[in-house]
Chemist: 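Pasting in a structure now, in structure tokens, and then I'll have a few things to ask.
What you are looking at is a predicted structure, and each value in this text was computed from that prediction instead of being measured. As the structure lists them, so they are numbered: ligands from 1, and atoms in each ligand from 1.
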Amino acid sequence: MELCSLTGWQIKELISKKEVSAVAVVEDLFRHIAKTEPSIKAYLTLTQDYALVQAGQIDARIARGEQPGLLAGIPVAIKDNIATDGIRTTCGSKILANFVPPYDAYVIKRIKEEDGIIIGKTNLDEFAMGSSCENSAFGPTANPRDVSRVPGGSSGGSAAAVASDMACMALGSDTGGSIRQPAALCGITGLKPTYGCVSRYGLVAFASSLDQIGPLTKDTRDAALLMNVIAGYDKQDSTSVNRPVPDFTKGLDGEIRGLKIGVPKEYFGQGLNEDIRDAVNQTLSAYEKLGAKLVEVSLPHTNYGIATYYIIAPSEACSNLARYDGIHYGYRATPAYAEASAGRDYTDLINMYSKSRSEGFGHEVKRRIMLGTFALSSGYYEAYYNRALKIRRLIKQDFDAAFNKVDVIMGPTSPIAAFKAGEKLADPLQMYLCDVYTVTANLAGIPGISIPCGLTKEKLPVGLQILGKAFDEATLLKVARAYENVNSKHQAPNSK
Ligand code: GLN
């Protein structure tokens with residue numbers, strides 16, 4: 001038995017029953033990583049020694065008869081925009097290449113408290129800006145299903161690590177689809193929780209009103225397990241909502257008879273790949289067989305989602321990224337040779353800022369900073385940023401109206417399957433269109449999950465997106481699980 005191919009839940013049971021040790025799990029995993037990582041490049045940092053020490057401590061406690069935590073010995077990979085005490089956190093950027101946070105993000109603290117084992121930090125599009133994991137300053141990650149293709153983004157490293165069994169589960173962040181879209185392209189499960197459900201404390205900010213941390217896992221049971229650990233109120237995040245957290249693993253296998261599934265007509269229009277449309281339609285029929293009812297709904301402002309998102313997200317990003325000035329954090333450019341040899345540091349402060357930022361940020365990040373600065377500048381603010389906020393409200397109202405009639409909404413996660421590396425790099429608009437079905441959930445603050453629901457003719461994974469009411473993750477997980485239970489063949493792709 002290869003331990004690394006098991007789900008988190010299976011590992012936890014084996015370790016808790018003392019059938020395997022946490023150390024054996026970590027050793028097996030790192031053996032597999034040594035073989036697989038060179039062709040995938042999912043990780044920016046691996047923490048093998050640290051993981052072995054943690055595993056040894058968990059084994060010792062179990063040997064003493066102590067009850068281990070909820071994640072007893074499960075290896076977890078962390079997207080590299082989540083702060084880890086003493087472990088470098090780069091955001092996939094040259095500007096933070098050597099940044100070692102002096103504290104843990106809330107979610108990391110929780111994972112450690114529950115005996116999860118942090119095995120490394122995963123690759124991402126720089127500052128989580130992108131849909132293919134090709135915008136990382138440290139090079140791209142490959143899709144384990146077909147290494148000539150992208151794993152999706154921006155949490156592409158986390159998705160690829162889980163899909164290739166190089167991690168049992170992982171954390172990602174989702175601002176406009178960055179958990180769900182890579183989960184879809186790699187054939188795994190990814191959940192973006194409701195805004196305010198999981199603390200953002202220690203998540204490097206991209207667009208603060210949209211960002212959420214969430215799980216990428218081999219199945220929905222693992223997603224529920226990880227949600228039990230990371231969800232909940234945290235006073236360090238002023239947008240964290242103080243409400244009771246249900247046990248997401250309970251009722252997971254409950255009936256879905258009578259469930260009303262909204263099918264938005266706007267999600268099946270132009271631009272949707274035919275194989276994806278067929279797979280999603282077949283999945284909807286499978287839900288009908290399980291006793292659910294399909295109801296056509298309309299989300300009329302869907303078509304404005306991308307335009308709205310690409311005004312709001314860059315506006316917030318340009319403000320959030322102002323802190324990378326060469327003084328507070330990370331990279332500072334060296335002064336020009338002429339200045340240095342004249343015994344001067346920089347011509348002036350502005351020169352130092354501008355040189356450090358020009359050299360430290362990559363193309364996509366600079367593009368977003370310019371877009372955001374433009375949209376917020378006086379004279380354009382009303383026409384762009386303010387108008388985008390108004391449309392954001394209309395998008396939210398579309399969902400409110402739909403959820404008056406149905407329990408969940410279903411459609412494709414991504415209009416296309418994993419594309420070839422390099423295919424969309426020259427055309428940012430084509431890249432932005434990958435997010436057409438995912439950005440609206442962030443704009444409205446609602447939760448969404450992507451689960452594998454079939455393959456294209458080229459044998460590439462297709463993702464089904466299920467959207468739910470705010471704070472109704474438990475229903476999303478249950479509904480996702482119902483399909484998974486009858487379609488286990490679409491589960492964890494297992495590279496072997
Ligand atoms: N692909 C989107 C973007 O580039 C979403 C990113 C994300 O969710 N972090 O902004």
Side-chain angles (χ1 to χ4, degrees), residues 78-82 91-93 122-136 140-141 150-159 170-186 190-195 198 200 203-216 305-318 320-321 361-372 375 388 392 413-416 418-419 424-425 427-450 463 465 467:
I78 310 293
K79 186 177 182 179
D80 208 21
N81 60 350
I82 300 176
C91 282
S93 181
T122 56
N123 198 15
L124 68 158
D125 290 295
E126 185 176 3
F127 284 98
M129 297 173 186
S131 306
S132 66
C133 217
E134 295 170 292
N135 291 337
S136 167
T141 294
V150 303
S154 61
S155 313
S158 284
L171 284 184
S173 68
D174 191 312
T175 305
S178 281
I179 290 175
R180 292 160 286 160
Q181 186 257 12
L185 270 47
C186 290
L191 171 70
K192 179 204 98 72
T194 307
Y195 187 76
V198 175
R200 291 182 294 111
L203 169 66
V204 178
F206 163 9
S208 314
S209 79
L210 303 163
D211 300 339
Q212 267 292 286
I213 296 173
L216 289 126
I306 292 284
T308 308
Y309 171 85
Y310 279 97
I311 293 291
I312 292 177
S315 297
E316 295 187 18
C318 84
N320 276 324
L321 269 55
F361 288 135
H363 289 304
E364 184 60 28
V365 173
K366 285 181 192 162
R367 183 179 296 125
R368 305 277 177 117
I369 292 173
M370 286 192 282
L371 275 173
R392 180 177 192 174
T413 306
S414 163
I416 48 172
F419 44 94
K424 294 188 190 293
L425 270 184
D427 187 348
L429 278 183
Q430 282 302 315
M431 192 73 93
Y432 296 174
L433 283 172
C434 298
D435 308 326
V436 60
Y437 303 127
T438 48
V439 291
T440 48
N442 303 74
L443 291 166
I446 60 172
I449 191 169
S450 179
Q465 178 174 237
L467 299 172

Chemist: Please could you name the atoms of ligand 1 that G176 approaches to less than 4.0 Å, counting only its heavy atoms?
Modeler: 5 (C), 7 (C), 8 (O)

Chemist: Do any heavy atoms of A313 fall under 4.0 Å from ligand 1?
Modeler: no

Chemist: For atom 3 (C) of ligand 1, what is the closest protein heavy atom, and at what distance to 0.1 Å?
Modeler: Y310 OH, 3.2 Å

Chemist: Starting from atom 7 (C) of ligand 1, find the nearest protein heavy-atom neighbour and note its residue, name and distance.
Modeler: S178 OG, 2.4 Å

Chemist: Measure from the side-chain N and O atoms of S154 to the backbone N and O of G130, and report whether any donor-acceptor pair falls under 3.5 Å.
Modeler: no

Chemist: Using distance alone, determine whether K79 and ligand 1 share an N or O pair under 3.5 Å.
Modeler: no

Chemist: Check whether any side-chain N or O of T438 sits under 3.5 Å from a backbone N or O of G176 as a donor-acceptor pair, and report yes or no.
Modeler: yes

Chemist: Can you find a side-chain donor-acceptor pair between K79 and S155 that sits under 3.5 Å?
Modeler: yes

Chemist: As an exercise, identify every atom of ligand 1 less than 4.0 angstrom from a heavy atom of D174.
Modeler: 8 (O)

Chemist: Parallel, tilted or perpendicular for Y309 and F206, by the 30°/60° rule?
Modeler: perpendicular

Chemist: Any side-chain to backbone donor/acceptor pair from N442 onto T175? Under 3.5 Å, distance only.
Modeler: yes

Chemist: M129 heavy atoms, cut-off 4.0 Å: which ligand 1 atoms fall inside?
Modeler: 4 (O)

Chemist: Any N or O on G177 sitting closer than 3.5 Å to an N or O of ligand 1?
Modeler: yes

Chemist: Could you tell me which atoms of ligand 1, counted from 1 in the order shown, lie closer than 4.0 angstrom to a heavy atom of Y309?
Modeler: 2 (C), 3 (C), 5 (C), 6 (C), 10 (O)

Chemist: Counting from 1, what ligand 1 atoms have a heavy atom of S154 closer than 4.0 Å?
Modeler: 9 (N)

Chemist: Report yes if R368 has an N/O atom closer than 3.5 Å to an N/O atom of ligand 1; otherwise report no.
Modeler: yes

Chemist: Output yes when a side-chain donor or acceptor of D125 lies under 3.5 Å from a complementary backbone atom of C133, and no otherwise.
Modeler: yes

Chemist: To check your reading of the model: name the closest protein heavy atom to atom 2 (C) of ligand 1, its residue, and the distance in Å.
Modeler: D435 OD2, 3.1 Å

Chemist: Is a side-chain donor-acceptor pair under 3.5 Å present for E126 with S93?
Modeler: yes

Chemist: With heavy-atom distances below 4.0 Å as the criterion, list the atoms of ligand 1 near A128.
Modeler: 6 (C), 7 (C), 9 (N)

Chemist: Just by distance, no angles: are the side chains of S131 and Q181 close enough, under 3.5 Å, to form a donor-acceptor pair?
Modeler: no

